[in-house]
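Data first, discussion second: the structure below is written as structure tokens.
Residue numbering restarts at 1 for every chain, and letters A, B, ... go by the order of the sequence lines.
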Amino acid sequence: MACTEVVLGPLTLKNPVMPASGTFGYGEENAGAFDPGELGAVVAKSVRLEPAPGNPPPRLVETPAGLINAVGIPSEGVDAFIRDQMPLLRQTGTVVIVSIAGSTALQYGELAARLSDVPGIDALELNLSCPNIGHGLPFGQDPGLLAEAVSAARGNTGLPIIAKMSPNVTDIAAMSKIALDAGADILAIANTVNAMVIDIWKRRPVLGNIAGGLSGPAIRPVAVRNVWRVYEQVKAPIIGSGGIVTWQDAVEFLLAGARAVAVGVANFINPNAMKEIIQGIQGYLDSQGFESVEDIVGLAHTIGRSQ
Amino acid sequence: MACTEVVLGPLTLKNPVMPASGTFGYGEENAGAFDPGELGAVVAKSVRLEPAPGNPPPRLVETPAGLINAVGIPSEGVDAFIRDQMPLLRQTGTVVIVSIAGSTALQYGELAARLSDVPGIDALELNLSCPNIGHGLPFGQDPGLLAEAVSAARGNTGLPIIAKMSPNVTDIAAMSKIALDAGADILAIANTVNAMVIDIWKRRPVLGNIAGGLSGPAIRPVAVRNVWRVYEQVKAPIIGSGGIVTWQDAVEFLLAGARAVAVGVANFINPNAMKEIIQGIQGYLDSQGFESVEDIVGLAHTIGRSQ
Amino acid sequence: MYLTAEVTLQEEVVEGIYRLCIFTPTIASLAYPGQFAMIRGWEGYDPLLSRPLSFHRIDFQCGQVEFVYKVVGRGTALMSKWRPGHRVAVLGPLGNGFPAPVAPAVAVIGRGMGTVPLLPLVESARREGIGVFSFLSASHAGGLVDLDRFMSCSDQVFVRTDDGSLGAPGVVSEDLERVAKSTQLSAIYCCGSRRLARAARDLAIFLRIPAYVSLEAHMGCGVGACKGCVCETKDGYSKVCKDGPVFELNEVVF
Amino acid sequence: MYLTAEVTLQEEVVEGIYRLCIFTPTIASLAYPGQFAMIRGWEGYDPLLSRPLSFHRIDFQCGQVEFVYKVVGRGTALMSKWRPGHRVAVLGPLGNGFPAPVAPAVAVIGRGMGTVPLLPLVESARREGIGVFSFLSASHAGGLVDLDRFMSCSDQVFVRTDDGSLGAPGVVSEDLERVAKSTQLSAIYCCGSRRLARAARDLAIFLRIPAYVSLEAHMGCGVGACKGCVCETKDGYSKVCKDGPVFELNEVVF
Ligand SMILES: Cc1cc2nc3c(=O)[nH]c(=O)nc-3n(C[C@H](O)[C@H](O)[C@H](O)COP(=O)(O)OP(=O)(O)OC[C@H]3O[C@@H](n4cnc5c(N)ncnc54)[C@H](O)[C@@H]3O)c2cc1C
Ligand SMILES: Cc1cc2nc3c(=O)[nH]c(=O)nc-3n(C[C@H](O)[C@H](O)[C@H](O)COP(=O)(O)OP(=O)(O)OC[C@H]3O[C@@H](n4cnc5c(N)ncnc54)[C@H](O)[C@@H]3O)c2cc1C
Ligand SMILES: Cc1cc2nc3c(=O)[nH]c(=O)nc-3n(C[C@H](O)[C@H](O)[C@H](O)COP(=O)(O)O)c2cc1C
Ligand SMILES: Cc1cc2nc3c(=O)[nH]c(=O)nc-3n(C[C@H](O)[C@H](O)[C@H](O)COP(=O)(O)O)c2cc1C
Ligand code: FES
Ligand code: FES
């Protein structure tokens, strides 16, 4: 049996499959199809410094092969998170990744500081797609803010930092380099794509927040392309995500250069998805004669096109 | 019956529906379902200065609710285009838009010069998504190159100029302003989204060109969002496109702020699509009590959210 | 429970409204009135998400659950083409259903498809020997699905249709008010109309009895993980799938 | 022609290979061997594009066209679920088919699903009184669809299967070479295998007779507008849908 362990810089996972932040419950909000401890990691929904209600409903709208969400990062605040959620996360017995979302660069620092000494956290993921206070663009779309936010977190924690990049940029590889230079260890490629739907009968946007982020199979080829580019231009471990539903999709990301994958919307349509993906990757490696996941990371770059 | 005429700055169309460049044959490559003369405009496949073969096959790959193409703008060259294609285009009897694609900014100028005096051309569309020679990014993703390409065309023609913007940028509104400042009259929002698919059995990209542009319903919510943003921030007529298949989709773009719409992949799956869209828009206006297309352009911005 | 199960019956009850039965002993043995299931049974990713449907009948003896749904869009249109033998993915039972009815009698008040989740409640009340008064409205008679079942399990049924095709025209909440004056009700259960919900709330406050409403929202996960399906309550946003779909009526901000 | 038409027959010929008949007098009256149609008959946008299928039989008397296809992916899997009465969108006939066979005799050589477009050619040659020699190969006997029809319209049929389940193991192009030595052929028609195509090309050059091949490519529009379906020819890229799908064999760069 091929080895499924993957090493993402300072972080080692027993297999390359984890949920995407905000799409999977590790405790009671679990559809109960399998034990989250089987996952390479669990990833919590992004947490804020202070409690926040999130966006007004409707928060979801379906599109062809996609889902737009404008949930808006409701949060119980970091203190309540540490008190109420961390015990559940720890209990899963696998690697725990906590996603944080700030409204200012400093808040990323503060969140990192608060979470650094909490037992049971293995890495912090910075959700950089949140709009920031006092500036038009989210952190992930502004090179300066991006560097500030990542540096602020880096300055306050020794935990591995995953920078979850926005795909809504001209050059995601350049932005990734900025995040790495500012201290990120791992890149998550990528978050949702800006999108919206208008109700032609009400003649207004469907979502309470007007626009939101598109996820699901519709964006998979866009995410694969982003992983491919970043892999080519940046030396850093990549967690790939965007529209992964089946193990075949996950293998596609690995071949493009991801070392691990995050699964989002698929958890909604098939609560067994992540388990099936873990098994499917294993089966692919075995049947294709590979010895480990690492063997296929980025492999599609190196095999010459034979015709 | 509501009036379907739309005025796009210097260009007046009898109705707001046209094909997207590269997806519809006005002459013999027409699936023959209706007379192209019924369209608001016909738009030719992008033409180059010199003959070019285009990309190696495979050039197309399907994705969930989408199609990636890496056709690569094969062209007979502008001279052969003027000789062989223009008679067919003129013959349609409707507004003729010629799309041009340069490999350098100067080539946009040269193409504009060559086409300016050709009878029967009503507007030039600049396809700014083509990679340029000697620089990493396509014109549409580099502010400096974008300005150069548009200026070069503007300097050599009095024809209305449509700048077809790339959605693969951080801020499409800012890029649109650059195109307008450089002399564009009309914005086409937007071209295809960078994307790719990897064959997990061959372990290499499916497309001969590795990556391509994603179109179809998958990107519709992304395109609507881009039209919405540009409409909010830029004063210029917009041609919306991306994933329009039905008249309802077209109305969505008009409500978001487009004054006209371009239909691409839909022509492949329903050769009657554009005709049905024209009729559907008419029916919507009539049944909803609007007097003209202009009445609903951008309307979703102005109606307050009642709850 | 997430499982694959077989469609055992599909029938068009009236135009555009279908009855769908699925054989799934596990879910049938766990479900209670007011809960729902997320259902998906098509190829491909368009539409992408599962569709939530309330249990209309929970027959744990036959191992079967029954849904009644209206075709309103592409998901339900695809559903209506499923035939017996077709296999579908079902996640359920989900959510907090209706608190169990208590003696002496309960009132259920619903409109249109909102009567769907009320039927299993009425049937269970009847089984427990608790009185039931049903107040049902719809735009037209066809919209009152399984009226006969409501009749056979209720002490009294009041019916109103907008077009007068069944029952005198009028407002069914007024019927409820009238009945409430002469009958001791332990609770009111409501679904399918904001207007009826507001009327039921005011009456329940006046009578000092609990009242419950079953809400709908666009759903992603159905299990509380995505926070996509919120409604506004006095405590802020609540998740319809997990905190509901049944809420105490006066907790909800309409 | 772009029209909506009704499925009249769907049957699984052998495992994974289906026969699909569509009633469309207009297309049946226009189509000729080697042409194809783009077909789409599912809801939603996943899969997005129509699927190209070659005519397997063109029955203009019954107003019917027949396709034979193999389930290889999601589009063909969905297709296989269509039942008589199902309505599908058909665009066709498309492309340049096979040049009409001329006396005294033609050879057709095909492998697997590549035999599909050859059958109407064989049938029309027979109708015209032109001799036909058919050279068919497949991985196993089941892959030789409608062998009986080939038999009844050919002067001689040579069959080879990789697993020897029908015909002696061997290479069907060698059969062709052998026959070509003793028989005067006016042309060779080929489909379904690069290896066979190369062999046929070399033989045709040697015999100084024309040879044709039907190619496949991923298609967008099917009508020549999108330039998505090119193959490499001596003149550069050619559009399979419009310039082909049938090409002169020695024009194609393999
Ligand atoms: C807990 C719950 C229980 C439900 N029980 C029933 C039931 O027993 N019978 C029944 O007929 N319907 C029920 N619904 C509503 C049903 O889920 C929607 O009608 C269905 O999902 C629409 O899917 P569609 O693809 O046909 O429509 P779409 O094309 O997705 O949309 C058509 C219309 O339906 C609305 N809609 C879409 N999805 C939802 C959703 N998840 N919730 C509410 N509205 C939606 C859209 O806004 C739109 O107006 C229930 C909804 C919830 C949340
Ligand atoms: C002119 C023409 C005539 C054809 N005639 C027949 C026929 O008579 N019988 C038959 O069984 N098949 C025929 N094909 C091939 C058939 O179109 C494909 O098998 C079908 O489109 C696959 O669709 P899918 O959704 O099932 O597979 P997908 O899931 O789309 O793909 C599965 C596999 O099929 C390949 N494929 C997908 N689309 C095409 C395409 N357009 N052309 C070639 N390969 C493709 C993919 O690369 C992949 O390997 C023909 C193709 C062309 C171009
Ligand atoms: C309902 C929903 C909520 C999400 N919440 C978060 C979040 O809190 N933090 C975050 O970084 N990403 C969030 N995301 C983005 C996902 O983590 C993931 O990056 C995205 O959905 C793309 O993956 P997918 O296509 O597999 O869903 C959310 C996505 C969805 C659909
Ligand atoms: C096969 C194909 C070829 C295209 N060729 C061109 C082109 O030559 N020039 C151009 O500006 N856009 C080209 N496009 C992009 C379309 O014009 C359009 O912007 C895009 O497909 C989005 O619209 P759609 O989703 O409706 O297809 C092409 C698209 C496709 C699918
Ligand atoms: S549907 Fe996901 S939280 Fe309710
Ligand atoms: S499929 Fe469009 S040119 Fe051939």
If you take all heavy atoms of [X] and [Y], which pair is closest and at what distance?
X       : Y       : answer
A225(C) : G25(A)  : CB-N, 3.6 Å
F268(A) : G220(C) : CB-O, 3.5 Å
V265(A) : L49(C)  : CG1-CD2, 4.4 Å
C226(C) : L60(A)  : SG-CD1, 4.3 Å

Nearest 0.5 Å, please: how far is [atom2] in [Y] from [atom1] in [X]?
X      : Y       : atom1 : atom2 : answer
R40(C) : N270(A) : CZ    : CG    : 9.0 Å
D46(C) : T63(A)  : CG    : OG1   : 8.5 Å
Y45(C) : I269(A) : OH    : CD1   : 6.0 Å

Heavy-atom contact with chain C under 4.5 Å, split by part of P19(A):
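It is neither, since no heavy atom gets under 4.5 Å.
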N55(A), part contacting chain C, at a heavy-atom distance under 4.5 Å:
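N55(A) touches chain C through backbone heavy atoms alone.
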Interface moiety of M219(C) toward chain A, non-hydrogen atoms closer than 4.5 Å
backbone
Best-contacting candidate, H218(C), K227(C), M38(C), against chain A by heavy atom pairs under 4.5 angstrom
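It is K227(C).
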Evaluate the side-chain proximity of L91(C) to P271(A): yes if any heavy-atom separation is below 4.5 Å, no if none is.
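Yes - at least one pair of side-chain heavy atoms lies under 4.5 Å apart.
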So which residue, V245(A), T23(A), V61(A), ends up with the most heavy-atom pairs under 4.5 Å with chain C?
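Highest number of heavy-atom pairs under 4.5 Å: V245(A).
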When P64(A), P217(A), P74(A), G264(A) are compared by non-hydrogen pairs under 4.5 Å with chain C, the top option:
P217(A)
Under 6.0 Å from the CD atom of E15(C), do we count more than 12 heavy atoms belonging to anything else shown?
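No, CD of E15(C) has 12 or fewer neighbouring heavy atoms, counting only those of other groups under 6.0 Å.
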Crowded around F60(C) CZ? As in, over 12 foreign heavy atoms under 6.0 Å?
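Atom CZ in F60(C) is not crowded, with 12 or fewer foreign heavy atoms closer than 6.0 Å.
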Can a salt bridge be assigned to the pair R51(C) and E62(A) using a cut-off of 4.0 Å between side-chain N and carboxylate O?
yes
Ring-face cation contact, Y237(C) with R59(A), 6.0 Å cut, 45° max:
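Yes, cation above the ring, under 6.0 Å and within 45°.
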